[in-house]
K.L.:
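Take a look at this one; I'll ask things after.
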Amino acid sequence: MNQVRVRFAPSPTGFFHIGGLRTALYNFLFARHHQGVFILRIEDTDRERFVPGATENLQSALRWAGIEPDEGPEQGGPYGPYFQSQRTEIYQKYAALLLQQGHAYYAFDTSEELEAMRQQAKQQGDFHAKYNASRRMQMRNSLTMTAEQVNEALAQKQPYVVRLLVPPERKFIVNDIVRGSVTFDSREVDDQVLLKSDGYPTYHLANVVDDHLMEISHVIRGEEWLSSVPKHLLLYEYFAWQPPALAHLPLIFNPDGTKMSKRDIQSLDDLPAGKVDPDVASYIKKGYEPAALLNYIALLGWNPGEGDDRQVFTVGELIEQFSLERVNKSAAIFDLKKLNWLNKEHIMRRSPASLALENREAVMQSVPVSEAYLEQVVALLQERLYFSRDVLKIGAYFFHDPDVYDPAVVRKRWEADSAKIILEFSAEISKLDVFTSSAIETVLRQVAENNSVAATKLIHPVRLAVTGVGVGPGLFDLLALLGKETVVRRLQNAAARIPLLQ
RNA sequence: GUCCCCAUCGUCUAGGGGUCAGGACUCGGGAUUUUCGAUCCCGUAACAGGGGUUCGAAUCCCCUUGGGGACACCA
């Protein structure tokens with residue numbers, strides 16, 4: 001295989017869709033797997049739908065995901081510019097070439113005329129009329145006008161588009177890496193507009209020209225493009241260019257089988273039944289691990305195959321395993337539950353140091369603690385974290401004395417003699433020289449025994465007294481980390497305050 | 001409507017003529033633990049339907065049904 005060069009070619013017309021991220025990921029994985037080049041090309045040829053900031057949003061999301069292009073608007077490259085809006089002369093040149101060779105023609109039809117044609121066809125039962133062999137000779141174009149008329153129209157600066165001349169009676173056989181062989185009839189393809197009246201190219205022209213000029217070896221994109229492949233094939237043929245290999249990816253849907261849409265989604269915490277948020281930014285904001293999201297969407301339409309039951313993959317492992325041949329044909333449904341599970345799996349595999357670093361700012365803002373202390377806190381909390389930045393949220397008591405005691409836990413765990421035993425325990429641990437987990441445990445069990453109660457009768461009230469909540473890491477580790485002074489203080493406070501709550 | 005694509009547990013999927021149809025998430029149960037979490041066991045749950053082909057079909061073929069995509073001077 002020659003050098004692999006692939007591109008992710010989004011149009012900056014709104015938010016960054018999760019399906020787009022997967023397309024980018026597959027392109028990236030494929031490129032890395034083959035030591036190829038991953039290119040970002042911005043397809044901003046529709047200036048009516050252009051959304052300012054969309055490109056930047058896209059690039060920052062790719063950066064977050066760690067799937068940065070080798071060539072693109074930011075990193076440059078020998079095939080630039082990578083904004084199609086900056087390449088209009090190129091497309092015009094190729095459109096002119098097609099015109100010259102008779103593979104394309106001028107069309108002067110106004111949108112009203114086009115609309116009238118479609119309306120009329122509709123009345124005749126033709127729902128989606130095509131501008132093609134069966135109708136082009138009834139329209140106002142350089143096929144029906146004389147050369148003089150055309151030149152005159154051009155001289156008068158009448159708006160025109162350039163259309164692709166699709167031959168009648170042609171079969172197009174598309175060989176797709178994921179779908180196999182798919183056949184289309186030219187009757188089904190219309191004389192696609194190649195150059196719009198504003199001088200900008202349509203997707204089809206720009207795409208084919210750029211893929212060729214940028215020496216793209218494999219086009220990996222969403223299934224929605226499959227049916228326009230015949231037009232592209234025709235263009236390659238007219239230009240006498242070798243078309244790239246094609247791989248059309250299955251779509252991703254909501255749990256209810258509908259298209260993922262941003263419309264009715266407020267937030268990830270408040271999803272309507274059956275819906276899922278398609279906006280990559282929402283997942284970034286929520287605090288998902290990039291590795292987890294990538295891992296999850298990689299598995300939506302791809303798997304490593306027989307004999308490999310792994311679910312958790314690092315990006316490196318994905319690169320190693322990925323192949324287009326193992327991409328599925330059928331659409332997948334996005335399941336937040338599995339993403340959440342993977343997120344936890346990836347968090348558990350991280351180093352406490354990196355998690356500490358990520359929580360550092362928020363924690364320090366709340367209370368200054370040593371790096372070492374923070375890292376020990378993280379070590380205790382790590383496997384209880386659902387999101388990497390939740391340290392302060394689920395472990396506030398490592399940084400502050402509790403100011404409230406969970407009423408449900410008070411009700412369940414606090415008994416009439418709890419205060420008395422807790423004070424006794426407090427007095428006993430005060431005497432400890434080495435405040436280690438095991439020393440504390442020994443003392444606690446001794447105190448329990450002295451009072452003829454099970455250790456749990458002491459363990460739960462102590463946890464409540466020290467943390468204010470009923471859940472958390474192993475009690476003795478927690479107390480040891482907090483330190484004698486803090487623990488004794490909290491026990492005494494709680495012994496005085498909790499009985500008043502009952 | 002026309003053309004094209006797709007179809008294995010609720011979800012992601014493995015398997016592609018002979019399998020007890022496997023794994024993962026979820027859910028349920030149990031073990032462990034001082035709680036939560038983690039971990040370990042166990043369990044519920046699928047070849048859309050109908051016809052062929054074949055000794056034998058989830059697997060190959062056809063039809064039906066269902067879902068999806070495309071049918072713009074949007075990508």
Side-chain angles (χ1 to χ4, degrees), chain A residues 9-14 43-46 48-49 84 107 109-111 114 118 122 125-131 159-163 174 176 178-180 182-185 187-190 192-198 200-204 206-207 221-230 248 250-251 253 255 257-259 296 299-312 328-342 344 348 381-386 394 409 412-413 441 444 454-460 462-464 467 469-476:
Chain A
S11 58
T13 53
E43 308 221 327
D44 55 348
T45 56
D46 184 354
E48 288 186 10
R49 291 205 311 156
Q84 289 187 328
D109 315 281
T110 62
S111 51
L114 252 17
R118 288 184 182 122
K122 204 165 184 173
D126 193 346
F127 246 74
H128 284 272
K130 288 189 165 47
Y131 198 121
Y160 67 87
V161 298
V162 174
R163 285 183 182 272
V174 178
D176 188 275
V178 343
R179 268 146 226 289
V182 184
T183 308
F184 294 88
D185 194 289
R187 274 188 300 260
E188 296 303 323
V189 354
D190 62 352
Q192 181 64 48
V193 169
L194 263 18
L195 214 54
K196 299 182 255 187
S197 56
D198 62 4
Y200 281 83
T202 57
Y203 172 86
H204 308 281
N207 194 260
R221 82 247 282 188
E223 194 195 333
E224 69 270 24
W225 293 109
L226 186 61
S227 47
S228 42
V229 172
H248 287 87
L251 271 13
F253 292 120
T258 58
K259 232 170 135 170
Y296 180 65
L299 257 18
L300 239 36
W302 172 89
N303 72 82
E306 192 181 11
D308 193 341
D309 277 346
R310 282 178 296 170
Q311 305 291 321
V312 184
N328 278 104
K329 293 197 226 312
S330 50
I333 285 171
F334 192 99
D335 176 25
L336 208 53
K337 290 237 174 72
K338 187 152 183 184
L339 203 214
N340 288 337
W341 173 74
L342 276 171
K344 211 166 189 325
M348 290 195 288
L381 255 23
Q382 183 160 9
E383 71 180 24
R384 281 158 252 264
L385 246 29
Y386 287 94
I394 70 165
V409 182
K412 187 170 178 199
R413 305 291 193 187
E441 179 165 6
L444 182 137
T456 56
K457 292 289 180 196
L458 192 42
I459 286 169
H460 293 295
V462 168
R463 176 185 296 281
L464 175 66
T467 69
V469 295
V471 299
L475 182 68
F476 306 114

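By convention in this document, chain letters (A, B, ...) are assigned in the order of the sequence lines, proteins followed by strands, and residues within each chain are numbered from 1. These figures come from a predicted structure and were not determined experimentally.
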K.L.:
Tell which nucleotide pairs with B/U32, taking only Watson-Crick or G-U wobble pairs whose two distances are both under 3.5 angstrom.
P.N.:
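Per the H-bond distance test, none.
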
K.L.:
Which class fits the ring pair A/Trp225 and A/His204: parallel under 30°, tilted 30 to 60°, perpendicular over 60°?
P.N.:
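Perpendicular.
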
K.L.:
Under 3.5 Å for both donor-acceptor distances, Watson-Crick or wobble: does B/C27 have a partner, and if so which one?
P.N.:
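Because both required distances fall under 3.5 Å, B/C27 counts as paired with B/G43.
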
K.L.:
Could you go through the salt bridge (Lys or Arg N to Asp or Glu O under 4.0 Å) check for A/Lys329 and A/Glu223 one step at a time?
P.N.:
CA-CA 9 Å; A/Lys329 293 197 226 312; A/Glu223 194 195 333; over 6 Å; no

K.L.:
Among residues at least two apart in sequence or on other chains, which ones pass salt bridge (charged side-chain N to carboxylate O under 4.0 Å, His left out) with A/Arg384?
P.N.:
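Partners of A/Arg384 under the salt bridge (charged side-chain N to carboxylate O under 4.0 Å, His left out) test: none.
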
K.L.:
Does a distance-only test, which skips hydrogens and angles, find a donor-acceptor pair under 3.5 Å between the side chain of A/Arg384 and the base of B/C36?
P.N.:
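Checked by distance alone, the answer is yes.
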
K.L.:
Please name all residues satisfying salt bridge (charged side-chain N to carboxylate O under 4.0 Å, His left out) with A/Glu43, sequence neighbours left out, ordered by chain then number.
P.N.:
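With sequence neighbours excluded, A/Glu43 shows a salt bridge (charged side-chain N to carboxylate O under 4.0 Å, His left out) to A/Arg41, given in chain and number order.
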
K.L.:
Is any side-chain nitrogen or oxygen of A/Asn303 closer than 4.0 Å to OP1 or OP2 of B/U13?
P.N.:
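Checking A/Asn303 against B/U13: no side-chain N or O falls below 4.0 Å of OP1 or OP2.
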
K.L.:
Look at atom OH of A/Tyr160 and say whether more than 12 heavy atoms of other residues, nucleotides or ligands are closer to it than 6.0 Å.
P.N.:
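For A/Tyr160, atom OH is not crowded (no more than 12 foreign heavy atoms under 6.0 Å).
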
K.L.:
With side chain to side chain contact (heavy atoms under 4.5 Å, CB included) as the test, would you mind laying out the steps for A/Val193 and A/Val162 before giving the verdict?
P.N.:
CA-CA 6 Å; A/Val193 169; A/Val162 174; over 6 Å; no

K.L.:
Not counting sequence neighbours, which residues clear salt bridge (charged side-chain N to carboxylate O under 4.0 Å, His left out) with A/Asp185? List them please.
P.N.:
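A/Asp185: salt bridge (charged side-chain N to carboxylate O under 4.0 Å, His left out) contacts with A/Lys171, A/Arg187.
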
K.L.:
Does a side-chain N or O of A/Asn328 approach OP1 or OP2 of B/A7 to a distance below 4.0 Å, or not?
P.N.:
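No, no such contact exists.
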
K.L.:
Checking base pairs now: Watson-Crick or wobble, both atom distances under 3.5 Å. What partners B/A14?
P.N.:
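B/A14 is unpaired by these criteria.
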
K.L.:
For the P atoms, the ones on B/C47 and on B/G69, what distance do you get once it is rounded to whole angstrom?
P.N.:
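Between the two P atoms, the distance is 26 Å.
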
K.L.:
I'd like the P distance from B/U35 over to B/G30, given in whole Å.
P.N.:
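So the two P atoms sit 14 Å from each other.
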
K.L.:
Quick one: what's the B/S/- string for nucleotides 63-75 of chain B, heavy-atom cutoff under 4.0 Å, read 5' to 3'?
P.N.:
-----SSSBSBBB

K.L.:
Quantified in whole Å, what is the C1' atom distance between nucleotide B/U59 and nucleotide B/G22?
P.N.:
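That atom pair is separated by 15 Å.
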
K.L.:
Roughly how many Å is it from CZ in A/Phe334 to P in B/U26, rounded to a whole number?
P.N.:
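In whole Å, B/U26 P and A/Phe334 CZ are 15 Å from each other.
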
K.L.:
Sequence neighbours left out, what passes salt bridge (charged side-chain N to carboxylate O under 4.0 Å, His left out) with A/Asp190? Give chain and number order.
P.N.:
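A/Asp190 satisfies salt bridge (charged side-chain N to carboxylate O under 4.0 Å, His left out) with A/Lys231 once adjacent residues are dropped.
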
K.L.:
Hey, which of these two, A/Thr183 or A/Leu339, hits RNA chain B nearer its 5' end, going by closest nucleotide?
P.N.:
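By nearest-heavy-atom nucleotide position, the 5'-most residue is A/Thr183.
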
K.L.:
What pairs with A/Pro230 under side-chain contact (heavy atoms from CB on, under 4.5 Å), at least two apart in sequence or on another chain?
P.N.:
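Result, side-chain contact (heavy atoms from CB on, under 4.5 Å) vs A/Pro230: A/Phe172, A/Phe184, A/Val189.
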
K.L.:
Round to a whole Å and report the spacing from CZ of A/Arg179 to P of B/C6.
P.N.:
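About 6 Å, once rounded to whole Å.
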
K.L.:
Which is true for A/Asp308 with a 4.0 Å heavy-atom rule: it touches a base, it touches only sugar-phosphate, or it touches nothing?
P.N.:
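A/Asp308: no heavy atom of the nucleic acid under 4.0 Å.
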
K.L.:
Rounded to the Å, how far apart are A/Gln382 CD and B/C36 C1'?
P.N.:
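Taking CD of A/Gln382 and C1' of B/C36, I get 16 Å after rounding.
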
K.L.:
What distance, rounded to whole Å, do you find between the two C1' atoms, one in B/U8 and one in B/A57?
P.N.:
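Per the computed distance, 14 Å lies between those C1' atoms.
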
K.L.:
Polar atoms only, N or O, under 3.5 Å: list the protein pairs with nucleotides 40-47 of chain B and their distances.
P.N.:
none

K.L.:
Identify each atom pair where a protein N or O and an N or O of nucleotides 27-34 of chain B are less than 3.5 Å apart, giving names and distance.
P.N.:
| residue | atom | partner | partner atom | Å |
| --- | --- | --- | --- | --- |
| B/U34 | O2' | A/His460 | NE2 | 2.8 |
| B/U34 | O2 | A/Arg463 | NH2 | 3.1 |
| B/U34 | N3 | A/Leu475 | N | 3.1 |
| B/U34 | O4 | A/Leu475 | N | 3.3 |

K.L.:
Taking B/U19 as the reference, what is the distance to B/A58 when you measure between their P atoms (whole Å, please)?
P.N.:
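Result for the P pair: 9 Å, nearest Å.
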
K.L.:
Between the protein and nucleotides 18-22 of chain B, are there any N/O to N/O pairs under 3.5 Å, and if so, what are the atom names and distances?
P.N.:
none

K.L.:
To the nearest 0.5 Å, tell me how far A/Thr45 OG1 sits from A/Leu195 CG.
P.N.:
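If we round to the nearest 0.5 Å, A/Thr45:OG1 and A/Leu195:CG are 10.5 Å apart.
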
K.L.:
If I take atom CG from residue A/Leu251 and atom OG from residue A/Ser330, how far apart are they, to the nearest 0.5 angstrom?
P.N.:
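Taking CG in A/Leu251 and OG in A/Ser330, the distance rounds to 11.0 Å.
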
K.L.:
For the pair made of CG in A/Asp335 and P in B/U11, what is the distance, rounded to whole Å?
P.N.:
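So the two atoms are 10 Å apart, to the nearest Å.
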
K.L.:
What residues form a side-chain contact (heavy atoms from CB on, under 4.5 Å) with A/Asp46, not counting sequence neighbours?
P.N.:
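Counting only residues at least two positions away or on another chain, A/Asp46 forms a side-chain contact (heavy atoms from CB on, under 4.5 Å) with A/Glu48, A/Arg49, A/Lys196.
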
K.L.:
Whole-Å distance between B/A24 P and A/Leu300 CG?
P.N.:
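For the pair A/Leu300 CG and B/A24 P, the rounded distance is 19 Å.
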
K.L.:
Could you state the atom-to-atom distance from CH2 of A/Trp341 to P of B/G23 in whole Å?
P.N.:
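Rounding to the nearest Å, CH2 of A/Trp341 and P of B/G23 are 14 Å apart.
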
K.L.:
Starting from P on B/C12, measure out to CG on A/Leu342 and report it in whole angstrom.
P.N.:
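For the pair A/Leu342 CG and B/C12 P, the rounded distance is 15 Å.
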
K.L.:
Under 4.0 Å between a side-chain nitrogen and a carboxylate oxygen: does that hold for A/Asp335 and A/Lys337?
P.N.:
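No, no charged N to carboxylate O under 4.0 Å.
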
K.L.:
Within 45° of the six-membered ring axis of A/Phe253 and under 6.0 Å from that ring's centre, is NZ or CZ of A/Lys259 located there?
P.N.:
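Relative to the ring axis of A/Phe253, which defines the angle, A/Lys259 lies outside at least one limit.
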
K.L.:
Quick one: list whatever passes side-chain contact (heavy atoms from CB on, under 4.5 Å) with A/Arg413, sequence neighbours left out.
P.N.:
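So A/Arg413 forms a side-chain contact (heavy atoms from CB on, under 4.5 Å) with A/Val409, A/His460.
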
K.L.:
What is the base-pairing partner of B/A7, counting Watson-Crick and G-U wobble geometry with both distances under 3.5 Å?
P.N.:
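Base-paired to B/U65.
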
K.L.:
Using ring-ring contact (aromatic ring centres under 6.0 Å, His included) as the criterion, list what pairs up with A/Trp341, not counting sequence neighbours.
P.N.:
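Residues passing ring-ring contact (aromatic ring centres under 6.0 Å, His included) with A/Trp341: none at all.
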
K.L.:
What interatomic distance, in whole Å, is found between C1' of B/C60 and the corresponding atom of B/G18?
P.N.:
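After rounding to an integer number of Å, I get 15 Å for this pair.
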
K.L.:
Rounding to an integer number of angstrom, what distance separates B/A14 and B/A24 when you compare their P atoms?
P.N.:
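About 15 Å, rounded to a whole number of Å.
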
K.L.:
Counting only Watson-Crick or G-U wobble pairs whose two distances fall under 3.5 Å, which nucleotide matches B/U2?
P.N.:
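Checking every strand shown, B/U2 finds its partner in B/A70, with both distances under 3.5 Å.
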
K.L.:
Take the protein atom CD1 of A/Ile333 and the nucleotide atom C1' of B/A7, then report the distance between them rounded to whole Å.
P.N.:
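Taking atom C1' of B/A7 as the reference, CD1 of A/Ile333 is at 12 Å.
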
K.L.:
In whole Å, measure the gap between the P atoms of B/G28 and B/C20 for me.
P.N.:
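Their P atoms lie roughly 32 Å apart.
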
K.L.:
More 5' along RNA chain B: A/Tyr296 or A/Leu385, using each one's nearest nucleotide?
P.N.:
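By nearest-heavy-atom nucleotide position, the 5'-most residue is A/Tyr296.
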
